[in-house]
Structure formats: structure tokens, C-alpha cells
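Data first, discussion second: the structure below is written as C-alpha cells.
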Protein chains: 2
Amino acid sequence: MRLPAPARREQILDVSVQVFAHRGFHSTSMNDVAEAAGVTKPVLYQHFDSKQDLYMALLEEAGTRLRNAVRKAVTDATSGKEQTERGFKAYFRWVADDHDAFLLLFGSRANRDEESTIAIRRITAEAANAIAPLIAADIEGEHQEMLAHGLVGLAEGVSRHLVERGERFDPEVLGQQIADLAWAGLRAVHRNG
Amino acid sequence: MRLPAPARREQILDVSVQVFAHRGFHSTSMNDVAEAAGVTKPVLYQHFDSKQDLYMALLEEAGTRLRNAVRKAVTDATSGKEQTERGFKAYFRWVADDHDAFLLLFGSRANRDEESTIAIRRITAEAANAIAPLIAADIEGEHQEMLAHGLVGLAEGVSRHLVERGERFDPEVLGQQIADLAWAGLRAVHRNG
DNA sequence: CCGAGTTGTTACTCTCTGGTAACCCTTATG
DNA sequence: CATAAGGGTTACCAGAGAGTAACAACTCGG
């Protein structure tokens, strides 16, 4: 079945995010991707310079979708607590909806070389930076950042556990719970620190 | 420099944990490992059946050290809160001491194929199972497990952030803080859930 | 209905690297 | 000083997979 170039490009992105998400970067050959897309290898190279290039495009897209989802949710919240709740809910909604993208970025099969490591680290760092200001302002910056990365890890750990076991979950309920945990936890650190 | 077989085996393990930790599985060739150990490839195959076999041995060792460290610390604690504190402190002490092992298991360069994914998942699951009982008993089992994985992720996120940026930290102080966060957080989930 | 541009395929090349066969040192021991 | 025995090396094989050159086939405007 023939497709116009832009459509084919989109289809390749759609298909390859699935393949890479489940088998990882190194275990997936360009032939695998091509086969999954119903074409042959050279077609891939008409749209992407290299395997790395294709992979980076996927990471970029996934990261953007995550960022937008959370940013949009957090925007019109008034209190810090509300931001936290909305943020986590939006995050888990993204995980539920964009399953393969989650696995691509944070799944344990996400084999990473130099370049992709940096890309993923950047995405994680962005998430952490978005969270950092929520943490009590009288904690010093470096510390804030560290705790923020902890909370990102918290959400990541929960999601990975659920997604990799294929368990269903309600993003609203889950988000509320984890937000509660995070919020109360942060206040405790604040008090005791 | 010639070495007796057991010593050579140990040396290979020592050296390769460093190499794999920093460059990841797929980006590290057996020649790289051999070179780092100051020998040639066939020597490696006198001690390990395959690259995978060597890698699994490293994961196994690292996992055992982590498990022992935490288990030992938690053993003679009376209250759940004390267990939490000791557990996290021991964990961060392990991270600080066994740097490369941490990166091997949880670093973002930890490229994983089928087999190693399973091994690492098992280690993480063990950690989570150790934590699960600490979580208020009136939360149902599946939920407990999920929160436990979240806390593992929390510690992982904090460690990764610190280790990959090469920042120094005091395991006692850090462990106390994260334990505070976890403990207070769990109680909040308990109340609100 | 024709031909130019675009989509796709076949059939390679080339490199990298895991793994091995065959051989060479060094050391200890009677 | 002969001789195992074990530690180590050189030089190779074979497979996998990224990337490409050359060619085929569809389709759409004129």
C-alpha cells in the first residue's frame, strides 16, 4: 500500500514507537521497524537519516507530549497543593494514554547510548524543574532540585510497576494518592530539616 | 602481569563493573573489557562463558551486596519508623560506597536485554517487598506493593540525580530526610485513602 | 496515453564484535 | 634440566545489522 511522504513518515513514527518501546533500541533492527511498518528498509532512510535519528525523533515527540500534558494541567492552579495534585494526575493520565511513549522514555528496556541518555535526562530534568518550585521555598536550591528528582522517581517507579505488569489504573485516583504522599512528605522534610 | 585464576577472575569482575557502569552493556565490547583488565579477549572466556554470563555475574553480585546491606540494617529495628530510617540510610550508604554497582543496576546507561531486565526487575521487586510490610497494614496488598515500588523509585531518583552529577552526599542525613518524606507521605495516603 | 516525479524494492557492501582454534610463554617440580 | 600444567596471545571465523546504489512500478498532470 502506497502512501504520500508525510503520511508515511507519521506511520513510521507511530509504528516504531511501539516496536522500540517493547523491544528496546538495541534489540530492534531497522528491518524489524520496516517490517512492522509494512515496507522495506530503504523507505525508512527516505524519512530519517539514521536509526539514531529516528529514535531521537521518537524521544523528542514523547517528551513534548509529556511536557505539554503536565504544563497545561498545572497552569491554572492557584495553590501549590493544587498544582501538585493536578500535575500528578496529568502525569498519570499521560502514562495511561500514551503507554508506549512512557515505556520508551522510562521503561526498563529503554536501552540508551550517549545521545539518547542525554535527551532523556533533559526531559527528566525539565520535569524536576517544574516540580522544584513547589517545594518549600526555604529549602536551599540544590536540595530542592534533589527532592524534585526524587518525586519524579516516585512517579516513575509507580508507573513502571503498573505498566510493566499491565495493570489498569485510574489516573485521577492514583494521581491524588501520590500527590498526597508527595505533599505530606515534603512538609515533613521541611519541618525536620 | 600474570595472575592465578581466582585472582584474575576477581580482577575481571572489578574492572568490568566499572566499564559497564559507565558505558553500558551494548556500548562496551569484550575487547574494551579485556583492555581495561590488561589482558586479551580469550582470557575473559576462560572465566566466563559469554558476555551475557559476565554481565549477569556482575548484576548478581551487585544485587546481593545491596540486599545484604539493607537487610542487615533493618534487622534489629523495633518500630516501623525505625526500620524505614535505617533502611534508607543503609541504601544511601550502599550507593555512596558501591557507586559503580549502583550505576550498573539503576544508572540510565544500564542497557538491558531480556535477561538482565528480568534480573534487575527481580532485585527491584525484592527491595519493594522488603518495604511493603512497612506500609500501613489496612491498605490492601496490591496497593501496598505499588506504593513500595514508588518509594524504591523515590530513592532511585534521588540517587541517580546525585550520582550522575557526581555530587557528594552524607548517607545518614540524606537517608533521614528521605525516610521522613516516605514515612509522613505514607501516613497521608493512609489517612486520605 | 505518455512521461516525469515520487514511492518502493532487490540485492548488495562493510564494519563491528562475539566467540574460538591453535599456538607460545612462564613457572614449579622431581 | 626436562616436562607438565596452567596462564596468555595471535589470528582468525561467522553472523548481524546499519546503510546504500541501482532499479522497478505506480500515478497524475497535460
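Residue numbering restarts at 1 for every chain, and letters A, B, ... go by the order of the sequence lines. Side chains are part of it too, since the values below use all heavy atoms of this structure and drop only hydrogens, waters and symmetry mates. As the structure is a prediction and not an experimental result, all values here were calculated from the model.
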At what distance, to the nearest 0.5 angstrom, does [atom1] of [X] lie from [atom2] of [Y]?
X        : Y        : atom1 : atom2 : result
A:Leu59  : A:Gln52  : CG    : CD    : 8.5 Å
A:Phe106 : A:Glu164 : CZ    : CD    : 12.5 Å
B:Arg86  : B:Glu82  : CZ    : CD    : 4.0 Å

_Give me each pair satisfying ring pair (Phe, Tyr, Trp, His ring centres under 6.0 Å) with a member in residues 134-158 of chain A, each pair once, sequence neighbours excluded._
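Counting only pairs at least two positions apart or across chains, the ring pair (Phe, Tyr, Trp, His ring centres under 6.0 Å) contacts touching residues 134-158 of chain A are A:His149-B:His161.
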*Kindly state each residue pair satisfying ring pair (Phe, Tyr, Trp, His ring centres under 6.0 Å) with at least one member in residues 53-82 of chain B, sequence neighbours excluded.*
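For residues 53-82 of chain B, and leaving out neighbouring residues, the ring pair (Phe, Tyr, Trp, His ring centres under 6.0 Å) pairs sorted by first residue read B:Phe20-B:Tyr55, B:Phe25-B:Tyr55.
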Between [N] atom [atom2] and [X] atom [atom1], what is the distance in whole Å?
X        : N      : atom1 : atom2 : result
B:Asp32  : C:dG18 : CG    : P     : 8 Å
B:Asp113 : C:dG18 : CG    : P     : 13 Å
B:Met1   : D:dT9  : CE    : P     : 12 Å
B:Ile12  : D:dG7  : CD1   : P     : 11 Å
B:Leu54  : C:dG18 : CG    : C1'   : 13 Å
B:Glu35  : D:dT10 : CD    : P     : 12 Å

_Base contacts versus sugar-phosphate-only contacts with protein, heavy atoms under 4.0 Å: please encode nucleotides 12-28 of chain D as B, S and - from 5' to 3'._
------BBBB---BB--
_Taking any heavy-atom pair under 4.0 Å as a contact, classify B:Val39: base, sugar-phosphate, or nothing._
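B:Val39: backbone/sugar contact only, no base atoms under 4.0 Å.
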*Given the rule that I, L, V, M, F, W and Y join up when any side-chain heavy atoms are under 4.5 Å apart, are B:Val15 and B:Leu104 in one cluster?*
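No; B:Leu104 is not reachable from B:Val15 via cluster members.
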*Please state whether the base of D:dG8 and the side chain of B:Gln46 form at least one donor-acceptor pair under 3.5 Å?*
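Between D:dG8 and B:Gln46, which were checked side chain against base, a qualifying N/O pair under 3.5 Å is present.
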*Determine: side-chain N/O of A:Arg8 to OP1/OP2 of C:dT6, distance under 4.0 Å, yes or no.*
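Looking at the OP1 and OP2 atoms of C:dT6, neither is under 4.0 Å from any side-chain N or O of A:Arg8.
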